[in-house]
Amino acid sequence: MTALQPIRMTDAQLVAMIDRIALESSRTEKERYLADLAATSQGREMIQLCYNPFWTWGITQKEMPPTGQGPSEGDTLAEIKTLLMKLAARELTGNAAAEVVASAFASFTPAAGRLLWLCLNKDLKAGVNTASILAVDPSIVPIFAVMRANSYEEKHVKAFPVAVEPKLDGHRVTFIAKDGGGGFFTRTGKAIDSLEHMIEPTLKALRHWAGMTRITNGQPNPVHDLLSVLRYFGGVPEIVLDGEMMSDQGFAETSGALRRKSEDADVRFHIFDMLSWDEFDAMGDVAVPYAHRRQRVLDLIGCTKHLGDRLTVTEMRVARSHDEIQLIYQDYRARGFEGAMVKLLDGPYQKKKSRSWLKLKNEDTEDLQVIGVFQGQAGGKYEHTIGGLIVDRNGVEVRVSGLDDATRAEIWKLWCEDVQLVAANPNVGYKGETFGIVGETFDRRMKLLGHVVEVEYHEVTPDGSLRHPRFIRFRDDKTGEVEK
DNA sequence: TTCCGACAGTGGGGTCGCAAT
DNA sequence: ATTGCGACCC
DNA sequence: CACTATCGGAA
C-alpha cells in the first residue's frame, strides 16, 4: 500500500514525530500524524514494539532513568529491538535483564533513551492506542478481538423478542480449529496451555458434527448455510467456538485452573456462539443473525452429547418485554449466576464492544471508613494528587478509585491538612499509607481520615474484600463509627 | 444546539510463574 | 519459605 | 473488570 520512506531519521526526529502526535488534542489530527509516523520504517517499528500485544518484556520502567549525552551513532532502534526481543524470549530475566536495560540507558542519548523507555512501557504516550493504529493501518500489529457486551439499557433494545442467557462468571474463551489442529485462546488471543487436554476431544466433536448428514426438508437452514461455506483441513472444519470456560468451584478457581501449568484444568466450555474461521478472521461484522449462530451451536452440541459434558451450550430464554427481562434476571441471580446477558436475536457478530449484547449484573453499596489514601502511579496524570482512597472493611484494606478530577483535588487538600496534624508527609505514593485508624480512634479534627464514604461494588470476595470497588460519595452524616 | 458513542487513560481484586531475598 | 513483580483474567 | 474525560458525529 503506502511505500515506506527509506530515509533514515535520527532518534531525535523520531521522538519529535511521536511528540507531535501527543501535542494534538484532536483525535482526527492525531490520526493524521500517526499515519505519517506509520509511513516511516522506524515509526512503524516503534508502533509495533509498543502495541504488539504478543510481545511482553517481563520488566517495566516507570520513571525515565538517566541517559548518557554522546551523539547518536549507529542504528539505535535496531539495538533497542535486539534487546527487547531477548527480553520477549525471556533469554534475559531478573537482575540480568535489569542490568542490561540500565546500561543501555546509560549508553544512550536522551532521545534514544526515550525510545527505549516508551517501548518498555508499551505506550507511545501520545494519546493513541490500538483503535487508532487499526484505523490508520490494520496490518501494523496483530489484532484479536471477540464480541463483548455493553451495559443493559432499555433504549438499546430496539425490538422484541430478545434472547436472555445466564451471565457466567468464568473466563471468556474461544476455540479455534484451523489447519487440521486447534487451540483454546483467551479474550485477548493468548493461548491457554492448561486446556491442551481438551483440544483433541473438541476437534473430535467438530469432525463428528461435520460428518453427520442432516435432513434439510427443503427449508432454509442456518446450519447448512454454514456447512456450505466451511473449509476443511484434514477432515477438520475450520471453526471458531466462542463461550465461557467455567470451573464448578467459582471464579477464583476458574482463574487458577486456567493459569496453573502443573495440571489439566478441570473446567467446562459453555459455548454460546459459533463462526467459520473465515467469518471470524475477516475485518468487520459477521452479518449472520445471533439466532442463526445459536442454532449452529445447538446443532453441534446436539449431535456430540455422547462425547462427554465438557462441551455444553449455555441455556437461553426468550423475553418479550423489559419486565420479562427483569424477571429472568432475578431468576438467574437466585440460581447463583452472575447476572444475565440480553442478546438481540437479529444482531450480527461484532468483534468489539457491541450494543447487540447487553449485560445485567448485581451492584451493591456499603458505607466504609476512610483510613488512608494513595497517589497516582509515578509518571501518570494523578502522580501528584489522589489516586484513590483506602477504606476499612472489617479489618480488610480496600483500595477505592473511580473519582472524578474535582473530587481528587478536594480530597488531596483534606489529606494534606489531616497529615499536618500528625506531622507526616502527604506524599505517600502509589503504595499509599494508612494510620491504622479504625472506629473511634481517629483525631476528631481530621477532615478525611475516619470519615465515611459510600462504595459501590459487584460482590464481596472470598477474602472479605470488594470486587470492582468504586467511590460514590461522602457520607458526611456518618463520620466516625460505621453503622451496624 | 445538545446528546451520545468511541476512545484513551486511570484505577480495583485475584491468580499464577518467576526471580530475588 | 517468603516476598515482590509482571502479566492477565475479571 | 468499572469509571471519567474528551472529541466529533448523530440527533
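Lys30(A) has no carboxylate O lying under 4.0 Å from a charged side-chain N of Glu24(A), or vice versa, which leaves the two without a salt bridge. A salt bridge between Asp404(A) and Arg408(A) is absent, with no side-chain N of the basic residue lying under 4.0 Å from a carboxylate O of the acidic one.
Between Tyr290(A) and Phe272(A), the ring center distance fails the sub-6.0 Å criterion. The ring of Phe184(A) has its center closer than 6.0 angstrom to the ring center of Phe269(A).
Annotation: cation-pi geometry satisfied between Lys190(A) and Phe54(A) (NZ/CZ under 6.0 angstrom from ring centroid, within 45° of ring axis). Geometrically, Arg114(A) does not engage Phe108(A) in a cation-pi contact defined by less than 6.0 Å to the ring centre and at most 45° from the axis.
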- Going through the checks in order, is the side chain to side chain contact (heavy atoms under 4.5 Å, CB included) test met by Lys361(A) and Asp169(A)? CA-CA 10 Å; Lys361(A) 306 172 57 170; Asp169(A) 192 13; over 6 Å; no
- Task: Check the pair Trp415(A) / Phe374(A) against ring pair (Phe, Tyr, Trp, His ring centres under 6.0 Å), numbers first and verdict last.
- Result: CA-CA 10 Å; Trp415(A) 165 250; Phe374(A) 56 95; over 10 Å; no
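Taking atom NZ of Lys30(A) as the reference point, atom P of dG8(D) lies 11 Å away to the nearest angstrom. As a whole-Å value, the separation of Glu410(A) CD from dT4(D) P is 15 Å. Separating the CZ atom of Arg148(A) from the C1' atom of dC10(C) is a distance of 13 Å, rounded to the nearest angstrom. For the pair Tyr457(A) OH and dA2(D) C1', the computed distance is 15 Å after rounding to whole Å. Rounded to whole Å, the distance from CD on Glu29(A) to P on dC7(D) is 13 Å. Separating the NE2 atom of His458(A) from the P atom of dC10(C) is a distance of 13 Å, rounded to the nearest angstrom. Between the P atom of dG9(B) and the CG atom of Leu118(A) lies a distance of 12 Å, rounded to the nearest Å. Atom P of nucleotide dT3(C) and atom NZ of Lys431(A) are separated by 13 Å, given to the nearest angstrom.
Closest approach of Asn52(A) and Val141(A) over heavy atoms only: N-CG1, 3.8 Å.
Nearest-nucleotide positions on DNA chain B place His156(A) closer to the 5' end than the other of His156(A) and Glu397(A).
At a cut-off of 3.5 Å, with distance as the only test, a side-chain donor of Gln350(A) or Asp285(A) sits close to an acceptor on the other residue. Defined by atom type and a distance below 3.5 Å, a donor-acceptor pair is present between the side-chain atoms of Ser139(A) and Asp137(A).
Comparing dC8(C), dT4(D), dA2(D) by their nearest atom to the side chain of Thr56(A) picks out dC8(C). Counting only heavy atoms from C-beta on, Lys155(A) has its side chain closest to dC4(B) among dC9(C), dC4(B), dG6(C). Checking dG14(B), dC10(C), dA8(B) against every side-chain atom of Phe251(A), the shortest atom distance belongs to dC10(C). Counting only heavy atoms from C-beta on, Ala252(A) has its side chain closest to dG14(B) among dG14(B), dA8(B), dT4(D). The nucleotide whose nearest atom lies closest to any side-chain atom of Lys352(A) is, among dT4(D), dG14(B), dA6(B), dA6(B). Distances were taken from every side-chain heavy atom of Ser25(A) (C-beta onward) to each of dA8(B), dC7(D), dA7(C); the shortest belongs to dC7(D). For Lys359(A), whose side chain is taken as the heavy atoms from C-beta onward, the closest listed nucleotide among dG8(D), dC10(C), dA2(D) is dA2(D).
Residue Arg27(A) places none of its side-chain N or O atoms closer than 4.0 Å to OP1 or OP2 of dG8(D). Between Thr28(A) and dC7(D) there is no side-chain N or O to OP1 or OP2 distance below 4.0 Å. The phosphate of dA2(D) (OP1 or OP2) has a side-chain N or O of Lys361(A) nearer than 4.0 angstrom. Between Thr188(A) and dC8(C), a side-chain N or O to OP1/OP2 separation shorter than 4.0 Å is absent.
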Please list each protein N or O that sits under 3.5 Å from an N or O in nucleotides 16-19 of chain B, with the distance.
unit_1	atom_1	unit_2	atom_2	d
dC16(B)	OP1	Arg260(A)	NH1	2.8
dG17(B)	OP1	Lys261(A)	N	3.2
dA19(B)	OP1	Thr93(A)	OG1	3.2

Using a cut-off of under 3.5 Å, enumerate the N/O to N/O pairs linking the protein to nucleotides 10-12 of chain B.
unit_1	atom_1	unit_2	atom_2	d
dT10(B)	OP1	Lys381(A)	N	3.0
dG11(B)	OP1	Gln377(A)	N	2.9
dG12(B)	OP1	Arg399(A)	NE	2.8
dG12(B)	OP1	Arg399(A)	NH2	2.8
dG12(B)	OP2	Tyr430(A)	OH	2.4
dG12(B)	O3'	Arg399(A)	O	3.2
dG12(B)	N2	His468(A)	ND1	3.3

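Residue Lys190(A) is classed as a sugar-phosphate contact, given heavy-atom separations below 4.0 Å to backbone atoms only.
dC7(B) is unpaired under the criterion used here, namely a Watson-Crick or G-U wobble arrangement in which both key atom distances are under 3.5 Å.
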